[in-house]
Amino acid sequence: MKKETILGSPGAPYAKAVKANGFLFVSGNVAVNPETGKVPEGGIKAQTRQVLDNLKATVESLGSSIEDVVKVNIYLVNVQHFAEMNEVYKEYFGSEPPTRTTVGIHELARRDFLIEIDLMAVL
């Protein structure tokens, strides 16, 4: 098996992504603007958009694309946000969306995070 680990933050006990056997596995992303380091205002729609923008940038920088995503896992702090999240999600994954699991969770690492998303794409 050929495997390449792409490290994230120095000292973090996980990889930002791993390339293995023609696939790209990207760790969970939260809604932090990489330019400002801040969580966008505007609730679940703004956070969903920020997370998907971050993931899109990551997959593109590693040789894949949002169109090549085959599996998405979404973690929502409040499942009441599902419809609003889904509106934004559809903008990124058009007529041929990837498989997806959406799970309601109690909380994320910081209380201001409403959503986390990880994915798998084809290289």
Asker: For Val18, which residues count as a side-chain contact (heavy atoms from CB on, under 4.5 Å) partner, sequence neighbours excluded?
Answerer: Lys3, Thr5, Ala15, Ala20
Asker: What pairs with Glu116 under side chain to side chain donor-acceptor pair (under 3.5 Å), at least two apart in sequence or on another chain?
Answerer: none
Asker: Any idea which heavy atoms bring Ile105 and Tyr75 closest together, and the distance?
Answerer: CD1-CB, 3.8 Å
Asker: Taking only residues two or more places apart in sequence, or in another chain, which ones meet Tyr89 in a ring pair (Phe, Tyr, Trp, His ring centres under 6.0 Å)?
Answerer: Phe93
Asker: Check whether Thr99 reaches the backbone of Val70 with its side chain - one donor and one acceptor, N or O, closer than 3.5 Å.
Answerer: yes
Asker: Give me each pair satisfying side-chain hydrogen bond (donor to acceptor under 3.5 Å, both in side chains) with a member in residues 37-51, each pair once, sequence neighbours excluded.
Answerer: Lys45-Glu87, Arg49-Glu91, Gln50-Asn54
Asker: Return the set of residues passing side chain to side chain donor-acceptor pair (under 3.5 Å) with Asn33 (not counting sequence neighbours), or none when no residue passes.
Answerer: none
Asker: Any side-chain hydrogen bond (donor to acceptor under 3.5 Å, both in side chains) pairs touching residues 103-115, not counting sequence neighbours?
Answerer: Glu107-Arg111, Arg110-Asp112
Asker: Got a sec, which pairs hit salt bridge (Lys or Arg N to Asp or Glu O under 4.0 Å) with one end in residues 4-30, sequence neighbours left out?
Answerer: none
Asker: Do the side chains of Ile44 and Ile115 get nearer than 4.5 Å, heavy atoms only?
Answerer: yes
Asker: For residues Phe113 and Val32, determine if any side-chain heavy atom of one lies less than 4.5 Å from a side-chain heavy atom of the other.
Answerer: yes
Asker: Roughly how far apart are Thr102 OG1 and Leu76 CG, rounded to 0.5 Å?
Answerer: 6.5 Å
Asker: Closest heavy-atom contact between Leu123 and Leu62?
Answerer: CD2-O, 3.6 Å
Asker: Looking at residues at least two apart in the chain, or sitting in another chain, which of them share a side-chain contact (heavy atoms from CB on, under 4.5 Å) with Thr101?
Answerer: Lys71, Asn73, Val103
Asker: Following the transitive rule for hydrophobic clusters with a side-chain heavy-atom cut-off under 4.5 Å over Ile, Leu, Val, Met, Phe, Trp and Tyr, establish whether Phe82 and Val77 coincide in one cluster.
Answerer: no
Asker: If the condition is side-chain contact (heavy atoms from CB on, under 4.5 Å), which residues does Tyr14 pass it with, not counting sequence neighbours?
Answerer: Ala12, Ser27
Asker: Can you name the closest pair of heavy atoms from Ala46 and Pro40 and give their distance?
Answerer: O-CG, 3.7 Å
Asker: So, for Ala17 and Leu24, which heavy atoms are closest and what is the spacing to 0.1 Å?
Answerer: CB-CD1, 3.9 Å
Asker: Report yes or no: do Val88 and Leu114 belong to one cluster of Ile/Leu/Val/Met/Phe/Trp/Tyr joined by side chain heavy-atom distances under 4.5 Å?
Answerer: yes
